[in-house]
Amino acid sequence: MSLPSKARYVVIGAGIHGLSTAYHLAKKLKAKGRSAEADIVILDKGRVGSGASGIACGVVRNNYFQPAMRQLMAHSVRVWESDPEAFSYHPVGYMQISPEVMHEGVATIYEQQKAIGYESTFIEGEADCIRYMKGLFDDWQAKGITSVLHEKKGGYANNMASLRGLAAKATAAGARIMEGVTVTGFEFGHNSHAVSAVNTDKGRIECDYVIVGAGPWVRDFWTMLDLPRTVSITGRDGKVHNDIPMWRFWQLEEGVLGVDPGFLTTNDGRMPPVIHVDTDAPLYSDRTGKLITDELWGIYYKPDFHFNGVQGGAMPYKVETPVDQVAIDPYGPQSPEFVSSTDFVDMWTSALAFCHKRFEGKHTQYHDEKSGGIGCFTPDSFPVFDTFRDNCYIIADSNHGYKMIGVGELVAQEVLDEESDLLEPFRLSRYAEGRLHPVSTSPFPWS
Ligand SMILES: Cc1cc2nc3c(=O)[nH]c(=O)nc-3n(C[C@H](O)[C@H](O)[C@H](O)COP(=O)(O)OP(=O)(O)OC[C@H]3O[C@@H](n4cnc5c(N)ncnc54)[C@H](O)[C@@H]3O)c2cc1C
């Protein structure tokens, strides 16, 4: 397929957001009787799933302390449920298992889930939590747990399979996917600052509208669009904090224990919910017996046939390299620098053994392959969904995003001039205006 010289809509990035936006845009234009305008080109310098979406663990949950995030996730879960087969979606549910320091916060999540009709069960008190968990896994042995939020919806999806399903839908709806095309910059109108053309290594494309779904590469598009490197944030105390860097990177730590996925079924032989455990009980190495940490820590895991084992992760860590110098490419497991650390392996496998007796001594079965990847985060670690330069929509999900398959539908709606109430809390202006999302006590920057 040769690069067109013009397209009404250019979507950059064939990850979850680019594909979903292109698909929904084509569908919405058709529904409005405007199919002729569905001239949509998706560009990717690699291929479908070359970025974060293609290596995501695939967890889909509602458990967020921020009401706006929860509402958005409930919408996305409905999109996952709309075609589980095409999206390779497994609705096994999700559990947030927490220590006392998080009890109150998780209780509010449960209350608000009830209010928005998102089905979940909430167990409180150490003894009841143990009873509930042993009802699922008779070898449950985690300590320091005083609440369990069991979301009956959500679960996980298989990363590449779901992207292929989404790409097929986008293509069938009329969008063209062009792989191996690198965007190198933009041209702007003579008398406006709107984007008039996208420059690539294969030529230029004039366009009316650009949608950027570039995952961790958002940093580079921000620069190409000449947007501010820092922001001012009005804090909760009403004080203005200037010169806060717009972007920073975190390393996501994930891996696979090479046991049969059927090794982690429930007492009645079923596939379990995705499990997320946070606790402040001391964690000792399953390998050496030495103390790993006595501070708040957390892990998540699920049996997964796609990864061929029990797959999951732990808290990410901040990348200390100055943001402009972070080498995003080669990305993910190919990176010589940004892959899961050796400390992670001991921590995560020991944490699995902390939770279930069946994992004791199993650290030797850890898949010794490179895994993990970096994510690009906003100043408050929540997404920015907004229009810049009049005709350029940026989807900067702050690494929350594989589960957010529905955001593309809402972005398509906004591109067609209908504002979405669900996306409104995620404008860049919230920083200056001090409309900040509440912060939880979770040890993860994305909860
Ligand atoms: C290890 C890991 C595990 C994760 N697990 C989960 C999870 O379980 N659940 C969850 O909800 N989220 C998870 N995330 C976060 C999630 O993967 C991302 O938030 C989401 O996939 C971002 O999607 P995207 O479409 O914006 O970007 P991406 O999927 O990164 O796609 C961006 C695309 O843009 C292309 N591109 C970049 N630069 C250019 C250019 N100059 N020209 C053309 N194309 C370009 C890239 O090749 C890439 O294909 C995880 C992230 C990581 C790293």
Side-chain angles (χ1 to χ4, degrees), residues 10-22 41-64 69 72-73 76-77 80 94 154-160 162-163 166-167 177-186 198-202 211-221 223-224 249-255 274 276 300-302 304 307 311-314 316 328-333 335 338-340 344 370-377 383 385 394-405 407-408 411 444 446:
V10 173
V11 178
I12 302 169
I16 197 90
H17 296 309
L19 293 171
S20 176
T21 305
V41 174
I42 307 170
L43 305 178
D44 200 292
K45 70 189 174 87
R47 55 181 170 76
V48 168
S50 286
S53 309
I55 57 168
C57 167
V59 173
V60 177
R61 66 183 157 108
N62 182 269
N63 171 45
Y64 272 99
M69 289 295 279
L72 194 54
M73 298 310 163
S76 276
V77 167
W80 285 109
Y94 176 89
Y156 70 101
N158 301 120
N159 49 31
M160 283 308 293
S162 59
L163 294 174
L166 202 49
I177 302 176
M178 312 202 70
E179 299 178 306
V181 179
T182 302
V183 173
T184 52
F186 297 97
V198 176
N199 290 322
T200 80
D201 63 344
K202 303 279 186 316
I211 294 134
V212 178
W217 291 269
V218 65
R219 174 202 66 183
D220 302 338
F221 285 93
T223 306
M224 286 183 217
F249 286 90
W250 287 71
Q251 169 68 40
L252 275 89
E253 301 258 74
E254 294 199 344
V274 174
H276 182 119
Y300 48 95
Y301 54 99
K302 58 179 166 38
D304 191 324
F307 282 103
Q311 192 270 350
I328 307 174
D329 292 295
Y331 184 68
S335 170
F338 299 120
V339 288
S340 296
F344 160 76
K370 302 231 183 296
S371 56
I374 50 173
C376 190
F377 285 65
F385 303 126
I394 296 187
I395 306 171
D397 72 11
S398 199
N399 207 71
H400 289 270
Y402 173 80
K403 67 181 81 61
M404 293 170 143
I405 195 172
V407 162
V411 170
F444 288 78
W446 56 69

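Read the numbers this way: they start at 1 and go in the same order the structure lists the ligands and their atoms.
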Item to complete: Check Y402 against ligand 1 and report side chain, backbone, both or neither, counting heavy atoms closer than 4.0 Å.
Response: both
Discussion item. Please determine whether the number of non-hydrogen atoms from other residues, nucleotides or ligands lying under 6.0 Å from atom NZ of K202 exceeds 12.
Written reply: yes
Whether [X] lies under 4.0 Å from ligand 1, heavy atom:
| X | result |
| --- | --- |
| P216 | yes |
| N159 | no |
| Y300 | no |
| Y156 | no |

List the closest protein heavy-atom neighbour of [atom]: residue, atom name, distance to the nearest 0.1 Å.
| atom | value |
| --- | --- |
| atom 31 (O) of ligand 1 | G15 CA, 3.7 Å |
| atom 6 (C) of ligand 1 | A56 CB, 3.7 Å |
| atom 38 (N) of ligand 1 | K45 CE, 3.3 Å |

Discussion item. Would you call the rings of H276 and Y300 parallel, tilted or perpendicular, taking 30° and 60° as the class edges?
Written reply: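 Parallel.
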Check: [X] N/O within less than 3.5 Å of ligand 1 N/O:
| X | answer |
| --- | --- |
| I16 | yes |
| Y331 | no |
| W217 | no |
| A214 | no |
| V183 | yes |
| F221 | no |
| M224 | no |
| G13 | no |
| T182 | no |
| C57 | yes |

Discussion item. Measuring from atom 33 (C) of ligand 1, which candidate in D44, T184, I42 has the nearest non-hydrogen atom?
Written reply: D44
Worksheet item: Of the choices L43, I394, V59, L19, which has the non-hydrogen atom that lies closest to atom 8 (O) of ligand 1?
Response: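 It is V59 that holds the nearest heavy atom.
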Could you list which atoms of ligand 1 come closer than 4.0 Å to a heavy atom of [X]?
| X | value |
| --- | --- |
| A52 | 17 (O), 18 (C), 21 (O), 28 (P), 29 (O), 30 (O) |
| D397 | 18 (C), 19 (O), 20 (C), 22 (C), 23 (O) |
| V181 | 42 (N), 43 (C) |

